[in-house]
Amino acid sequence: MASFVSRAAQVLGLEASEPSPPPVVNAAGGLGSFKVDDLTRLRRFLILGVEGGSYYASERKLGLENATSISRLIEAGRGGEVVAEALAVSLGGRAAKQSPTLFALAMVSRLGDGPAKQAAYAAVPQICRTPTMLFEYLELHMALGESSGWGRGLRKAVGSIYTDKSADALAYSVTKYRQRNGWTHRDVLRLAHVKPASSAHQTVLHYAAKSEVLPVDDGADEGGPADEAVVKTHAFLTAVEEAKVCEDEARLLALIAEWKLAREHLPSTMLSSVPVWAALLPTMPLTALTRNLGKMSSIGLLAPLSDATATVVAKLTDPAGLKRARVHPFSLLLAMQTYRQGRGHKGSLSWDTTPEVVAALEKAFYLSFGQVQPTGKRWVLGLDVSGSMGVRLQNSPISAYEASAAMAMVALRTEPRCHPMAFSHKLVPVGLTADDSLETVTQKMRAIPMGGTDCALPMLWALENKVEADVFVVYTDCETWAGATTPADALRQYRAAMGIDAKLIVVGMTSGGFTIADPEDAGMMDVVGFDANAPQVMQQFVEGQV
């Protein structure tokens, strides 16, 4: 395994050495934590990634530890489980970014045994839903292996991505996503030896490989006239070629309307036109919409009470649309924070915010978790506001403590009997209410002074004050080190003294290797912070369904 971990380290930009087994104490040097198993750590990695690292562990260290953890699963013959977890996270829209999933998939397809590799290749078309994701997967797959050749399994998996789509869908995909990470469709087609499924597919593949539109006659079935699909595909590709250099606004609007073109099909010189963005908006995918809210506001399209604003609000607050597009809660939280401040985190773009859009983004955040039903139980929410929770998540401007507060608001708005509190090395007043907006929540959290970490405090507080609670939820990075009582022991003391079989849910906000939930205690559970499925899993756990 050492040589493979070394290659994985190089891909992640890490030191090319295999780490020693982690110590008994956590990364903060404290006791009271338990080492999570490799499958739990995989789940954290897939959902949270390692970008930005944690307060106590660098991005490089976390990346190497997670790569080693995945390698152990594969070495133990559990590569199929790695693929199953990757599929569940990807298809369920449970992660904000797909890079960790693609990395895990590439590791199994390179290191796994025969059945594991077959499972990985079968998952490639399901996970690599866009060429962008396919190109990233291929880059990782090639970097992790010693051979540059493609085996039959990889060729078949990649080929099916091009042949299983309809010719229309394939044409749209290859023209919208042309290249990424140094890969182009021409590179992929050459290595995968893709055989077209129809004459219309052949027209698209020729265009992808040669950057030219095949004449209709040359794309026709041998011995007969071109079929309707070929004619339609030819017309679409011709329209794309015209659009990418068109600077006649009226003509470009007509092309967008007829062929439902995307922003990527258009010349950059036309992307400051209000009519052009208005034409793009009705068919704009939700992920693209959230990324371009600032741009559309900066040119005046998203004005108060405008038709365009109404369209944006309707799209953002459509539960079925959010689920279908797999828009992740963290992406919406980041979009809302960015849009609300009226400027991008990078670059010089600025805009006047529209209140209806801000409100729609907040509603979308809660909708993106799906339907969460109240349990009717008594909940105590403990938010870790120690210094280590100031780490930024996924290289974003959102800190772990801000993200945990947003997660806690889902429970606070769902459960009628819910008491929030904050803690560091001591209890800290937090004052969150179910009526707070996420902006207010952020302001309240930023005003709290940080300190050490004692994750036992919520349970000790409830015990000291004789507060009857059915479940404690602790949002933390699990780097507890202050205090004489461990969180697990504090819960056991509470149960014994109060006569309540209370449960503990630990919401881990970073992809480290520790938890404060005792894995041997059926009344304690570890869930991944910002897993889009977390609220439903927590509900089921509290009700005794899992």
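Side chains are part of it too, since the values below use all heavy atoms of this structure and drop only hydrogens, waters and symmetry mates.
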TODO: Apply the test side chain to side chain contact (heavy atoms under 4.5 Å, CB included) to residues Glu362 and Ser437: give CA-CA distance (whole Å), side-chain angles for both, the deciding distance (0.1 Å), then the verdict.
DONE: CA-CA 8 Å; Glu362 176 147 351; Ser437 68; 3.8 Å; yes
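- Here Ser396 contributes atom OG and Leu334 contributes atom CG; the two are 5.5 Å apart, rounded to the nearest 0.5 Å.
- Here the side chain of Arg495 pairs a donor or acceptor atom with the backbone of Ala502 at under 3.5 angstrom.
- Between Ala123 and Leu105, the shortest heavy-atom distance links the atoms CB-CD1, 4.0 Å.
- Taking 4.5 Å as the limit, every side-chain heavy atom of His419 sits out of range of all side-chain heavy atoms of Leu381.
- The closest side-chain heavy-atom distance from Val357 to Thr353 is not below 4.5 Å.
- Aromatic rings of Tyr475 and Tyr401 (six-membered ring for Trp) have centroids beyond the 6.0 Å cut-off, not under it.
- Between Glu402 and Arg446, some side-chain heavy-atom pair lies under the 4.5 Å cut-off.
- Counting non-hydrogen atoms of other residues, nucleotides and ligands closer than 6.0 Å to CD of Gln443 gives a total above 12.
- A donor-acceptor distance shorter than 3.5 angstrom exists from the side chain of His328 to the backbone of Arg94, with no hydrogens or angles considered.
- The shortest side-chain heavy-atom distance between Val471 and Phe541 does not fall under the 4.5 Å cut-off.
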TODO: Step by step, work out the side chain to side chain donor-acceptor pair (under 3.5 Å) result for Thr453 and Ser386.
DONE: CA-CA 5 Å; Thr453 313; Ser386 61; 2.9 Å; yes
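- Val82 and Leu42 make their closest contact through CA-CD2, 3.8 Å (heavy atoms, listed as atom of the first residue, atom of the second, distance).
- Not one N or O on the side chain of Arg340 forms a donor-acceptor pair closer than 3.5 Å with the backbone of Val358.
- Between Thr485 and Ala490 the shortest heavy-atom distance is CG2-N, 3.7 Å.
- Nearest heavy atoms, Thr317 versus Lys363: CG2-CD, 3.6 Å.
- When all heavy atoms of Pro319 and Leu367 are compared, the pair lying nearest together is CG-CD2, 4.1 Å.
- Put simply, the side chain of Ser109 gets close to the backbone of Ala106: a donor and an acceptor are under 3.5 Å apart.
- You'll find the side chain of Pro397 reaches within 4.5 Å of the side chain of Gln337, heavy atoms only.
- Remark: Asp352 CG is loosely packed, at most 12 non-hydrogen atoms of other residues, nucleotides or ligands lying under 6.0 Å away.
- With 3.5 Å as the limit, one finds no donor-acceptor pair spanning the side chains of Ser71 and Thr68.
- The closest donor-acceptor contact from the side chain of Thr338 to the backbone of Ala335 lies at 3.5 Å or more, if one exists at all.
- Below 30°, between 30° and 60°, or above 60°: for Phe365 and Phe369 the angle between ring planes is above 60°, a perpendicular geometry.
- Remark: Arg343 CZ is loosely packed, at most 12 non-hydrogen atoms of other residues, nucleotides or ligands lying under 6.0 Å away.
- Ion pairing between Arg413 and Asp435 fails under the 4.0 Å rule for side-chain N and carboxylate O.
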Task: Test log, rule side chain to side chain contact (heavy atoms under 4.5 Å, CB included), inputs Met509 and Val507 - done: CA-CA 6 Å; Met509 301 304 298; Val507 183; 4.0 Å; yes
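- Residue Leu332 holds its CG atom at 6.5 Å from CG of Leu322, rounded to the nearest 0.5 Å.
- Side-chain atoms of Ser90 and Arg129 include a donor-acceptor pair closer than 3.5 Å.
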TODO: Carefully, step by step, assess Val385 and Phe423 under the rule side chain to side chain contact (heavy atoms under 4.5 Å, CB included).
DONE: CA-CA 6 Å; Val385 292; Phe423 67 88; 5.8 Å; no
- [ ] Go through the steps for Trp351 and Tyr339 under the test side chain to side chain contact (heavy atoms under 4.5 Å, CB included), then give the verdict.
- [x] CA-CA 8 Å; Trp351 55 86; Tyr339 183 77; 3.4 Å; yes
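- Using a 4.5 Å heavy-atom threshold, the side chains of Arg492 and Asp521 count as touching.
- Side-chain atoms of Thr440 never come within 3.5 Å of backbone atoms of Asp436 as a donor-acceptor pair (strictly under, hydrogens ignored).
- Counting only N and O atoms by type, the side chains of Glu136 and Ser99 include a donor and acceptor under 3.5 Å apart.
- Looking at Lys315, its side chain does come within 3.5 Å of a backbone N or O of Met284 through a donor-acceptor pair.
- With a 6.0 Å radius and a threshold of 12 heavy atoms from other residues, nucleotides or ligands, Lys444 has its NZ atom above the threshold.
- Between the side chain of Arg41 and the backbone N or O of Ile70 there is no donor-acceptor pair closer than 3.5 Å.
- Distance check: Gln540 CD to Asn533 CG gives 9.0 Å after rounding to the nearest 0.5 Å.
- Judged by distance alone, the side chain of Thr354 and the main-chain N or O of Leu302 form a donor-acceptor pair under 3.5 Å.
- The 12-atom threshold is not exceeded at CD of Gln371, counting heavy atoms of other residues, nucleotides or ligands nearer than 6.0 Å.
- Here the CG-CE distance, from Leu333 to Met409, works out to 12.0 Å after rounding to the nearest 0.5 Å.
- Residues Val527 and Val506 form no side-chain contact, since every pair of their non-hydrogen atoms from C-beta on lies 4.5 Å or further apart.
- The CD1 atom of Ile398 sits 11.5 Å away from the OG atom of Ser404 when rounded to the nearest 0.5 Å.
- Distance check: Met142 CE to Trp183 CH2 gives 5.0 Å after rounding to the nearest 0.5 Å.
- Note on ring orientation: taking the six-membered ring where Trp is involved, the planes of Phe103 and Phe45 are perpendicular (angle over 60°, cut-offs 30° and 60°).
- Considering only heavy atoms from C-beta on, Met525 stays 4.5 Å or farther from Leu504 through its side chain.
- Glu468 and Lys377 are not joined by a salt bridge, as no carboxylate oxygen comes within less than 4.0 angstrom of a charged side-chain nitrogen.
- For the residue pair Asp37 and Thr40, a side-chain donor N or O sits within less than 3.5 Å of a side-chain acceptor on the partner.
- Scanning all heavy atoms of the two residues, the minimum distance from Leu91 to Gln126 falls at CD2-O, 3.6 Å.
- Within the 3.5 Å criterion, the main-chain N or O of Arg78 finds no donor-acceptor partner in the side chain of Glu81.
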